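Below, all heavy atoms of this structure are taken into account, side chains as well, without hydrogens, waters or symmetry copies. Chain letters run A, B, ... following the sequence lines, proteins first, then strands; residues in each count from 1. Here the structure is a predicted model, which is why all the values come from computation and not from measurement.
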Amino acid sequence: MLKYLVVWLMVFTIYIVFTGSIAPLTLITGLIVSIVLSITTAKYLVEDEEKLKQPIRLLYLVYYFLKYITVIELRAHMDVVKRIITMDIKPGIVRVPVASVSRYARLLVMSSITNTPGTVVVDEKNDYFYVNWIYVSTTDPLKARESISLEFERFASRIFD
Amino acid sequence: MIEPVLFWIGSALFIIGGVFDLIAAIGLVRFPNFYVRLHAATIGAIYGAVLPLIGISLMALGLPELPGRYAIAGASFVTAILLLIVAPIGSHVLAYAAHKSKSVEWNPVVDHLAEDEAK
């Protein structure tokens, strides 16, 4: 039951923020759309209802979003901007082990890696991500993991695992 | 009181986004092949698109006389978040397809994926 409520609340909030109005017509349309969506999709979107009862996970997600968009992204952007100017590149595809278990955690790690300039996930096989890296400083998977995805995985495990 | 502050922070984000877009465009021209160009494209997608959209939403909130400012602010913010979620999928699928089809010629330092596929 809780999962339907949470999905409904999320969809309804997004709808209201997107339309930016609380006119009666918007509220009614939003209610209808969000109820239909929550009934039809909640059982696919939520795998483990127990995790929804731990709001600390949501706080971690908000903290991670703020840290990611400011500190981590800025560092990666400045690195690639420097390489655009100096053309100091050493591209390659390296193996990076991934320890996160759930599908959502893996998606978050994969999206975070790809969203930072300088690293793009090309493929995933047997608990390894294959990462296209703009400057291959090490070919050792564990060392590569330290500089590419360790921080993302820590947050992803706290949020989704 | 808070409105001018929001407007100027939004404007700053907007201009910073434009600068990053320009740098990304230069990178796209200068980088030698598809796989490296993807990284320049990522700059254009994150600080070149997500950041200015957040800037627009702050600017709209900072202009009280603007009609429908909540709609502009809300739509820009939600679009920024959605872009942050879906942009990596596009990059990943492009890279995946390019590697599978072997249509890009390049000289990587190391290519573990090709090594593992050859096994």
Side-chain angles (χ1 to χ4, degrees), chain A residues 13-22 26 65 68-70 73-74 76-87 89-96 107-108 110-126 128-139 141 144, chain B residues 19-20 23-24 26-33 35-36 38-48 50-51 54 60 68-75 77-82 84-92 94-96 98-100 106-117:
Chain A
T13 314
I14 291 172
Y15 189 93
I16 295 301
V17 171
F18 190 84
T19 51
S21 98
I22 44 169
T26 324
F65 171 74
Y68 182 78
I69 199 79
T70 51
E73 282 284 4
L74 186 67
H77 273 77
M78 287 339 267
D79 183 64
V80 176
V81 167
K82 197 181 75 196
R83 293 191 194 288
I84 287 175
I85 296 164
T86 59
M87 289 298 283
I89 53 173
K90 210 164 90 180
I93 295 180
V94 291
R95 230 183 260 123
V96 178
L107 182 71
L108 183 67
M110 176 263 169
S111 298
S112 305
I113 293 175
T114 309
N115 257 345
T116 40
T119 48
V120 172
V121 176
V122 183
D123 206 345
E124 187 221 14
K125 255 186 218 150
N126 309 332
Y128 280 106
F129 280 151
Y130 293 86
V131 178
N132 169 15
W133 201 0
I134 195 169
Y135 192 86
V136 180
S137 52
T138 169
T139 55
Chain B
V19 172
F20 272 104
I23 296 170
I26 296 171
L28 277 176
V29 175
R30 290 193 74 188
F31 278 158
N33 60 53
Y35 289 105
V36 191
L38 262 183
H39 303 305
T42 312
I43 294 187
I46 306 304
Y47 273 13
V50 174
L51 211 60
I54 294 175
R69 63 179 174 137
Y70 291 116
I72 298 174
F77 186 72
V78 172
T79 313
I81 301 293
L82 286 181
L84 202 62
I85 296 171
V86 298
I89 314 290
S91 298
H92 160 70
L94 281 173
Y96 180 80
H99 199 275
K100 274 277 177 245
W106 66 320
N107 298 311
V109 183
V110 58
D111 191 341
H112 284 156
L113 182 57
E115 286 169 21
D116 283 3
E117 276 176 349

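Using a 4.5 Å cut-off between heavy atoms, B/Ala75 contacts chain A through both its backbone and its side chain. For B/Asn33, no part lies under 4.5 angstrom from a heavy atom of chain A. In this structure, chain B has a heavy atom under 4.5 Å from the side chain of A/Tyr130, while its backbone stays farther away. Proximity to chain B involves both the backbone and the side chain of A/Ile69, based on heavy atoms less than 4.5 angstrom apart. Both the backbone and the side chain of A/Leu74 come within contact range of chain B, each with at least one heavy atom under 4.5 Å from a heavy atom of that chain. Of the atoms belonging to A/Ile89, it is side-chain heavy atoms, and not backbone ones, that fall under 4.5 Å from chain B. Proximity to chain A (any heavy atom under 4.5 Å) is restricted, for B/Ile81, to the side chain, taken from C-beta onward. Within the 4.5 angstrom heavy-atom criterion, no atom of B/Val86 approaches chain A. Interface residue B/His99: only side-chain heavy atoms are found under 4.5 Å from chain A. In this structure, chain B has no heavy atom under 4.5 Å from any part of A/Thr13. Only the backbone of A/Thr119 comes within less than 4.5 Å of a heavy atom of chain B; no side-chain atom from C-beta onward does.
Here the side chains of A/Glu73 and B/Leu51 are not in contact, with every heavy-atom distance at 4.5 Å or above. Residues B/Asp111 and B/Trp106 meet the side-chain proximity criterion, which asks for heavy atoms closer than 4.5 Å. Counting heavy atoms from C-beta on, the side chains of A/Tyr68 and A/Thr116 come closer than 4.5 Å. Side-chain atoms of A/Asp123 and A/Tyr128, non-hydrogen and from C-beta on, never get closer than 4.5 Å to each other. Side chains of B/His92 and A/Met110 form a contact here, defined as non-hydrogen atoms less than 4.5 Å apart.
Side-chain N/O atoms of A/Thr26 and A/Thr19 include no donor and acceptor closer than 3.5 Å. Checking A/Tyr135 against A/Asp79 by side-chain atom types alone, no donor-acceptor pair falls below 3.5 Å.
Contacts with chain B were tallied for A/Asn115, A/Thr114, A/Ile16; A/Asn115 has the most, counting heavy-atom pairs under 4.5 Å. For chain A, the option among B/Ala98, B/Gly27, B/Ala24 with the highest count of heavy-atom pairs below 4.5 Å is B/Gly27. Counting heavy-atom pairs closer than 4.5 Å to chain A, the top-ranked of the candidates B/Ile26, B/Ile85, B/Leu38, B/Leu84 is B/Leu84. Ranked by heavy-atom pairs shorter than 4.5 Å toward chain B, the options A/Pro141, A/Gly118, A/Ser111, A/Ala76 are led by A/Gly118. Of the listed residues (B/Ile23, B/Ile46, B/Leu94), the one with the most heavy-atom contacts under 4.5 Å to chain A is B/Ile46.
Tested against A/Val94 for a side chain to side chain contact (heavy atoms under 4.5 Å, CB included), the candidates A/Thr138, A/Asn132, A/Val136 yield a single pass: A/Val136.
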Check your understanding: Can you list the steps and then say if A/Ile84 with B/Ile43 is a side chain to side chain contact (heavy atoms under 4.5 Å, CB included)?
Key -> CA-CA 11 Å; A/Ile84 287 175; B/Ile43 294 187; 4.1 Å; yes
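Around atom OH of B/Tyr96, no more than 12 heavy atoms belonging to other residues, nucleotides or ligands sit under 6.0 Å away.
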